[in-house]
S.K.: 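Take this structure first; my questions come after.
These numbers come from the heavy atoms of this one structure, side chains and all, not from hydrogens, waters or symmetry mates. Residue numbers start from 1 in every chain, and the chains themselves are labelled A, B, ... in the order their sequence lines are given, proteins ahead of strands.
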Amino acid sequence: MKKLLGIFGLLLAVCLFATWASESFRSGYNIENLIRRTALFGVIGIGVTFVIVTGGIDLSIGSVICLVGCGLPWLLTVQHWSLPAALAAVIAVSVGIGLAHGLLITRLRLQPFIVTLCGLMLYRGVTRGFTADQTVGFADGYKGLRVLATGKIPVPGIQGFEIPAPWAVLVVVALAAAVFLNRTIYGRYLLALGNNENAARYSGINTSRMIVLAYVLCSTLAGLGGVLFVLDVNSAQPVDFGNFYELYAIAAAVLGGCSLRGGEGSILGVIIGTALILVLRNVVTLVTNHSNIEFAIIGAVILAGVIADELVKRYAIRRRAARELAQ
Amino acid sequence: MSPALLEACTLTKSFPGVRALKGVSLTVDRGEVVAVIGENGAGKSTLMKILAGVQTADTGEIRIDGVPAPLRSVEEALGLGIALIHQELNLAQNLDVAANLFLGREPRRWGLIDSARLQREAGQFLQAVGLDVAPDTRVGSLAIGQQQLVEIAKALSTQARVLIMDEPTSSLSAGEAENLFRVIDDLRARGVSIVYISHRLGEVTRLADRVVVLRDGENSGELARHEISHAAMVRLMVGRDLSQFYPHQPHGRSETVLEVDGFRTPAHPTHPLTFQIRAGEMVGLAGLVGAGRTEVLLALFGVQPAVGGTLHVGGKPLKAQKPAEAIAAGLALVPEDRKREGVVLGMPVRENVSLASLRQDQRHGFRDAAREEALSAEMMQSLRIKTPNDRQVVQFLSGGNQQKVVIGKWLALKPKVLLLDEPTRGIDIGAKQEIYRLMEELAAQGVAILFASSEMEEILGMSDRVLVMHEGRITGELARHQLSEEAIMHLATGTASTASTASSAHSAHPASPDLHP
């Protein structure tokens, strides 16, 4: 909880600084845009949170986004599939990918890092193969579906600002994820096995099944993210669509209080973490006019955050030891 | 009078949640074998690690030849002539004996290893410990007892004046152990001092010039050579007579709950095991390290499923392929490694206590938070778990309270059979007795209990019946009136044939008098 407040304070501070430093930052258009991007990245961040809670990692998210984001318009406009069939196909593929990752990791005991690193290369390569590296897009079609990503919900009484539709998607996904993680027995199982898989297994928990579930949730949400991202930008290039998105998602999860050692995670935290990264990017571009250093800034902020977290933890342990000695 | 070779004065050491040493002192003279004994958790290991420079004491002083020596690192301790031989041997299995002896101190010539000198010098030290193998033998091909001698030779090669041996016989056969004792006698005659840590009171009687007893992080007493006796040592270790420490009541005989027939564990598939346990019966599982006790418990519980034989719980057949199935049939396991298999260290008490029963208390997949809270409150009270509240992370509880959390987790499911593996390892003496009382209460309620233990006193004090294992076999079964340390060690080291098990029932080694008040 303290960690959440800390990261939220940091987000507020960065926002306040940006509001003061840049006129364009506080424009309704910019803020709408930030919220829409936060919502899109938030969905994939929630997905990877489940995997990180188990102590695993998923490096293939960006490539799944590429596969789904390019595959959906390709099926619709090149292969002329019907919309329901195409949507069902890309979601089924996402679920299947998660299932494959989970089974390879639990049954064959392969390292999550290796399995999903191979996925990272595999899915993007496959996409570049079947699209022949050509840009795919919806052109002027599928306006109804695109509302999901580009639509806006007006706020009564406020002019010049409307809530982007993906925010509604994020709220639904986040609520479901938070209820699952914090209120069901399965969420508790994930947290327990992420902390100590042996103890969870010795307590009668089917840890393999839970781990598979986490990878399925992650890939499925990455697939949903892929659909939303491509609806947002209308066309996608297989060579770089979704590139590095897994790293944004992982960084957001870590900033939001997940431990890569497993057993810790917060849905609200990952959303705040996502927002912080995107606001930082935005600020770097607007304030310095050097968007090419954005990765350096984001990297430095995350590193500083993780170092601060570790130091606070050590301080707390020392203080506890001192207190016990005094007793 | 010249100062003692090694003097440790009022050492203290704390870890998160535990005060391991509360002011322990120890002196060792030249050419003396000092046995340090005490129950698990008494502070022996911590004391030894401090003397060997592995850990540093919080307060207190160590003097060598009367000169204060802070011992901040293993190198420093070795430099002053103190060497620790760990219970688990630290040898590179892939290298030869000579290379292991001089690892990091290889004789060199032109910057390269001088192999001829290495082999020659290694040979001398091997001779000193009576180990008759060529210095270029690969360590991995030696028996455990021989490897132990390599460790001793290695320590001698550093000019050690004090050898600390931590449970050196825990994985040795009787013959190997006897050989080790001869080496120790020989070293003593040559003026080397030995600090000998053991649970085995028989060995201590055989070897020690003096016995130092620790209890709960403090010195509880010291016995000179002529005062050493089994009863005296036990009294100092547990603080009172055994009969008062172990709350054992004979349990009424009723129906068989656990029936194991021709059971084969994956670790020892060629040795079928057959035994039964009745409701309310407390059965001890004794044996040396590596005898296969843990493997039996893990197979019963479905962690490492059995590869043959049958298992019945309450008359119903059980094919435990995973813990969930064993649990559903009424089994529960308190595992050996509490921190890795028992508790989820990073989770609060409440969430640990409810972990196994979440499934039965669920409502369509949702947790029943009210039930969880009530359960943890109930367990905290009935098991007397000492914690500020149930939101406390288990990591910060003492070992004894962590163990109670593990037991509480199972009591929520009302098991028919409770399996415990080293139930009191690493916990202090007060909590230990509470665990015993708890086991006793559960047996009185009709729970069948099977517990594996390496602590002889615990096996002798708690069991209605003891199964003794040796190299994967059950080599004998002893009823309570037949129990004695000697009878168990005979079976555990494989020196009694199965046929003589029956005869040992007739000769019935009388247990030490304080077992039968």
S.K.: Highest number of heavy-atom pairs under 4.5 Å with chain A: which of Ser354(B), Ala332(B), Gly346(B), Pro335(B)?
M.R.: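 Most heavy-atom pairs within the cutoff with chain A belong to Gly346(B).
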S.K.: Considering all heavy atoms of both residues, which atom of Tyr202(A) and which atom of Phe301(B) are nearest to each other, and what is their separation?
M.R.: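 Smallest interatomic distance, heavy atoms only, reads O-CE2, 3.3 Å.
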S.K.: If I compare all heavy atoms of Ser203(A) with all of Lys409(B), which pair ends up nearest, and what's the gap?
M.R.: OG-NZ, 2.8 Å
S.K.: Answer yes or no: are there more than 12 heavy-atom neighbours, outside Lys22(B) itself, under 6.0 Å from its atom NZ?
M.R.: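 Counting other residues, nucleotides and ligands, NZ of Lys22(B) exceeds 12 neighbours.
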S.K.: Could you check whether atom NZ of Lys319(B) has more than 12 heavy atoms from other residues, nucleotides or ligands sitting under 6.0 Å from it?
M.R.: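 Atom NZ in Lys319(B) is not packed in, count stays at 12 or less.
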S.K.: With distance as the sole test, does Arg201(A) use its side chain to make a donor-acceptor pair with the main-chain N or O of Ala324(B) at under 3.5 Å?
M.R.: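 The answer is no, because no donor-acceptor pair under 3.5 Å joins these two groups.
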S.K.: Of all of Gly365(B), Pro323(B), Ala356(B), which one pairs up most often with chain A through heavy atoms under 4.5 Å apart?
M.R.: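 When all of Gly365(B), Pro323(B), Ala356(B) are compared, Gly365(B) has the most.
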S.K.: Any sub-3.5 Å donor-acceptor pair from Asn196(A)'s side-chain atoms to Arg340(B)'s backbone N or O?
M.R.: yes
S.K.: Is the shortest side-chain heavy-atom distance between Val303(B) and Asn198(A) below 4.5 Å?
M.R.: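 No, too far: nothing below the 4.5 Å cut-off.
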S.K.: Of the listed residues (Leu413(B), Val406(B), Val343(B), Thr12(B)), which shares the most heavy-atom pairs with chain A below a 4.5 Å separation?
M.R.: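 With the most close heavy-atom pairs to chain A, the winner is Val343(B).
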S.K.: OG1/Thr207(A) to NZ/Lys322(B) distance, rounded to the nearest 0.5 angstrom?
M.R.: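 Thr207(A) OG1 to Lys322(B) NZ: 9.5 Å, rounded to 0.5 Å.
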S.K.: What residues of residues 176-193 of chain A make heavy-atom contacts with chain B at a cutoff under 4.5 angstrom?
M.R.: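 The list, in residue order, reads Val179(A), Asn182(A), Arg183(A), Thr184(A), Ile185(A), Tyr186(A), Arg188(A), Tyr189(A), Leu191(A), Ala192(A).
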S.K.: If you count the non-hydrogen atoms of other residues, nucleotides and ligands that lie under 6.0 Å from CD in Gln360(B), is the total more than 12?
M.R.: yes
S.K.: If you look at every heavy atom in Ala199(A) and Gly342(B), which pair is closest and at what distance?
M.R.: CB-O, 3.9 Å
